[in-house]
2 protein chains.
Amino acid sequence: MSVTIKDIAKSLGISYSSVSRALNNKPGVSSETRKRVIDEAKKMGYKPNDMARGLVKKQTNTIGVIIPDIANSFFGEVTEGIIETANENGYTVFLCITNWNMEIEKEYLRTLQQKRVDGIILKSSKDQEERRYKDEINVPYILLEGRPAYGNSFVGVNNKRGSYIGTKYLLKQGYRNIAFAGGSKDSYTNMQRVQGYIHALKERAIPIDKELILYNDFTAKGGYILAEELLNNDKNIDAIFAGNDVIALGVLDYATTHDFSIPEELGVLGFDDIFYAELPQIQLTTIHQPKYELGKYALEILIDDIHAGEDRTCKSIILEPKLVVRNTTR
Amino acid sequence: MSVTIKDIAKSLGISYSSVSRALNNKPGVSSETRKRVIDEAKKMGYKPNDMARGLVKKQTNTIGVIIPDIANSFFGEVTEGIIETANENGYTVFLCITNWNMEIEKEYLRTLQQKRVDGIILKSSKDQEERRYKDEINVPYILLEGRPAYGNSFVGVNNKRGSYIGTKYLLKQGYRNIAFAGGSKDSYTNMQRVQGYIHALKERAIPIDKELILYNDFTAKGGYILAEELLNNDKNIDAIFAGNDVIALGVLDYATTHDFSIPEELGVLGFDDIFYAELPQIQLTTIHQPKYELGKYALEILIDDIHAGEDRTCKSIILEPKLVVRNTTR
DNA sequence: AAAGATGTGACAAACGTTTGCAAATGACAG
DNA sequence: CTGTCATTTGCAAACGTTTGTCACATCTTT
């Protein structure tokens, strides 16, 4: 079928080990033979077979990345950080999208290991499951944005602090009845954000009203539904802290189509600072996460872990979020 | 290191060919041995090595997908169609993002072939280059959304017709000085859209003013720059047809921040119908492309081509776009 | 001119599978 | 009790590489 190292050897009348050495810039071949080999390889259109190579070298220079949703540009930007850093380090990224589906996530975890990737970066769709993976995954892996470390490396942001800052800001701006429109209740990230929100309220001795804390999906649709629910009771809600920017978008959708004036009548605060938060038509006030850096650090730690081999020690990196004020809060 | 088929064989005292047959549901082993093998494999945590397997079977059940930009949700949705259809058919997708960089594109093309993917779906960053690939790619591949077929399969949309419909609609709505804010001049897709625009104008005997047809990137920034240029001359432009929705977003950005009233004073028309075109804050009138289907058909054709082997015959699928009226046109 | 040092290239094993073929086993009929 | 099957199992080659070891030339050095 395709040209192999042996074909080159035969055509040049030398042994194929010499061809291999020539092509890999290994010592042990004269520069003259090396040149002949390289020319012949190009002429014959030789493409090394990474499977054969991987088989003997026991490494693939490939790392697997599993994320729930690429349409959410939060993950898009993180992924960008991962891929660029990977390429700079000579790794290729095998990107897997689970669509928030745990079955698919497990499937990918298996596939990646069968492909013998050198390491895995995982954002699980369900933080609870992560501890189980300890036994199932036997390559270096690192958890992204979820519950820190069950004996594995971790990169994430200080979610609790982020929503604490955000809630404090809303209070400072004079909002009094602040609701929380959360994502999945199963999400550790989400619950951390709720914690920060509660913490800020308690600090000001404001009683926590459980009915103001609702959960749905991390989607615009989820936000729309929660907004509808929150704005149609007698609670006089004057601000909604959304679990993330996508949710906030759904909240804004409901609010603008139902004539709530923003930011006077209703303040809206997001979390993530994805790229359309700053579109002039949207101008969402939000908590900024360093997304590209998240990906970059994840990959860098992973590579450290890979190089360290069996006796790797796990690390956690927690980055600090910050408030970005735009037009959806007064 | 990790458990192999030989370890299982040794531990069970049988030959490793039997283990292989048992694990692959091949005939030639008694159901009793099969059961013992499967149990032992699970117990030992056996994970087949896809590289070794791929080496002998000469197939990887993996297809490579190369796209310029995942942040552009047009590609995001197409990719979704590809990945889901692939999984349904037992294939895994190796996703590669080039960032509109031809160097990276070529690099990935090489990498994918070294990994011996069974086929490739390619959206090139520069349609011109595609004809060159004929010799460089020696696995089945299919071009996505660009110039149809140089002897390879193709899936795309009728761009010319799309912009023809769009321009006609703008005229019908009473817009008279319609400019075109295009993406890359190197893009065949882009030029087809320009053609459709010109065609519609000519049909109405409106003279073509070259100064109203400008090019930049397929980015929001590009759109912003072009809008600035188009709206600051004496041409009295009353509508801008953007090369795609992302460009349109940039146009809207400029227009709203510079007090053009939309849609009265300025009509804006996009192309693609990506998801935020329908956000209530945006409500962009645009030409809809069946994105998911584009990806789905691309994959299906590719699989056909793979199965057909050497004597595959190339196919082209051209889908029809349609107009979606929202609020950026009167 | 003999001995050692050096550089070049060939040979073969190994990586973890699949699979064609041969061998062993057992059942059953003649 | 032998011969003929069918079934189950084992052996070994193959896939395309990398790499340790060894043999051979060639070139110094004394």
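Quick note: numbers below take in every heavy atom, side chains included, and nothing from hydrogens, waters or symmetry partners. Residue numbering restarts at 1 for every chain, and letters A, B, ... go by the order of the sequence lines. No experiment lies behind these values; they were computed from the predicted model shown.
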Peer 1: May I ask you to verify if any side-chain N or O of B/Ser15 is less than 4.0 angstrom from the OP1 or OP2 atom of D/dG10?
Peer 2: yes
Peer 1: Has B/Lys126 got more than 12 heavy atoms of other residues, nucleotides or ligands less than 6.0 Å from its NZ?
Peer 2: no
Peer 1: Heavy-atom nearest nucleotide on DNA chain D for A/Ile5 versus B/Gly13: which residue maps closer to 5'?
Peer 2: B/Gly13
Peer 1: Which whole-number value in Å describes the distance from A/Leu55 CG to C/dA14 P?
Peer 2: 14 Å
Peer 1: Closest to the A/Arg116 side chain: D/dT17, C/dT17, D/dT18?
Peer 2: C/dT17
Peer 1: Give the nucleotide from the list C/dT18, C/dG16, D/dT19 with an atom nearest to the side chain of A/Lys26.
Peer 2: D/dT19
Peer 1: Tell me which nucleotide among D/dT17, D/dG10, D/dT19 gets nearest to the side chain of B/Arg21.
Peer 2: D/dG10
Peer 1: Could you say whether A/Arg53 or B/Val29 is positioned toward the 5' end of DNA chain D, judged by the nucleotide with the nearest heavy atom to each?
Peer 2: B/Val29
Peer 1: Name the nucleic acid region contacted by A/Pro48, choosing base, sugar-phosphate or nothing; use a 4.0 angstrom heavy-atom cut-off, strictly under.
Peer 2: sugar-phosphate
Peer 1: Under 4.0 Å between a Lys/Arg side-chain N and an Asp/Glu carboxylate O for A/Lys35 and A/Asp39?
Peer 2: yes
Peer 1: Closer than 4.0 Å, any side-chain N/O of B/Lys58 to the OP1 or OP2 of D/dG16?
Peer 2: yes
Peer 1: Salt bridge or not for B/Arg110 and B/Glu107, using N-O below 4.0 Å?
Peer 2: yes
Peer 1: With a cut-off of 6.0 Å (strictly less than), are more than 12 heavy atoms of other residues, nucleotides or ligands near OH of B/Tyr188?
Peer 2: yes
Peer 1: What is the distance, rounded to the nearest whole Å, between atom CG of A/Asn49 and atom P of D/dA14?
Peer 2: 18 Å
Peer 1: On DNA chain C, does the nearest nucleotide to B/Thr4 precede the nearest nucleotide to A/Arg34 from the 5' side, or the other way round? Give the residue.
Peer 2: A/Arg34
Peer 1: Round to the nearest Å and state the distance from A/Asn25 atom CG to D/dT18 atom C1'.
Peer 2: 15 Å
Peer 1: Take atom NZ of A/Lys6 and atom C1' of D/dA13, then tell me their distance rounded to the nearest Å.
Peer 2: 11 Å
Peer 1: Can A/Asp305 and A/Lys315 be counted as an ion pair, charged N to O under 4.0 angstrom?
Peer 2: yes
Peer 1: Is a donor-acceptor pair below 3.5 Å formed from side chain A/Ser17 to base C/dC11, judging by atom type as modelled?
Peer 2: yes
Peer 1: Of the nucleotides C/dT17, D/dT8, D/dT17, which has the atom closest to the B/Ser30 side chain?
Peer 2: D/dT8
Peer 1: Atom CD of A/Gln59 and atom P of D/dT17: how far apart are they, to the nearest Å?
Peer 2: 17 Å
Peer 1: Please determine if B/Lys296 and B/Glu293 form a salt bridge, counting it only when a charged side-chain N lies under 4.0 Å from a carboxylate O.
Peer 2: no
Peer 1: Could you tell me how far apart A/Lys115 (NZ) and C/dT17 (C1') are, to the nearest whole angstrom?
Peer 2: 15 Å
Peer 1: Between B/Met51 and A/Ile14, which residue's closest nucleotide on DNA chain C lies nearer the 5′ terminus?
Peer 2: A/Ile14
Peer 1: In whole angstroms, how far is the P atom of D/dT8 from the NZ atom of B/Lys35?
Peer 2: 17 Å
Peer 1: Would you please confirm or rule out a distance under 4.0 Å between OP1 or OP2 of C/dT18 and any side-chain N or O of B/Asn24?
Peer 2: yes
Peer 1: Given D/dG10, D/dT17, C/dG9, which nucleotide is nearest the side-chain atoms of A/Tyr16?
Peer 2: D/dT17
Peer 1: Give the rounded distance in Å between these two atoms: CD of B/Glu32 and P of D/dT7.
Peer 2: 18 Å
Peer 1: Can you tell me which nucleotide in C/dT8, D/dT9, C/dT17 comes closest to the side chain of B/Thr33?
Peer 2: D/dT9
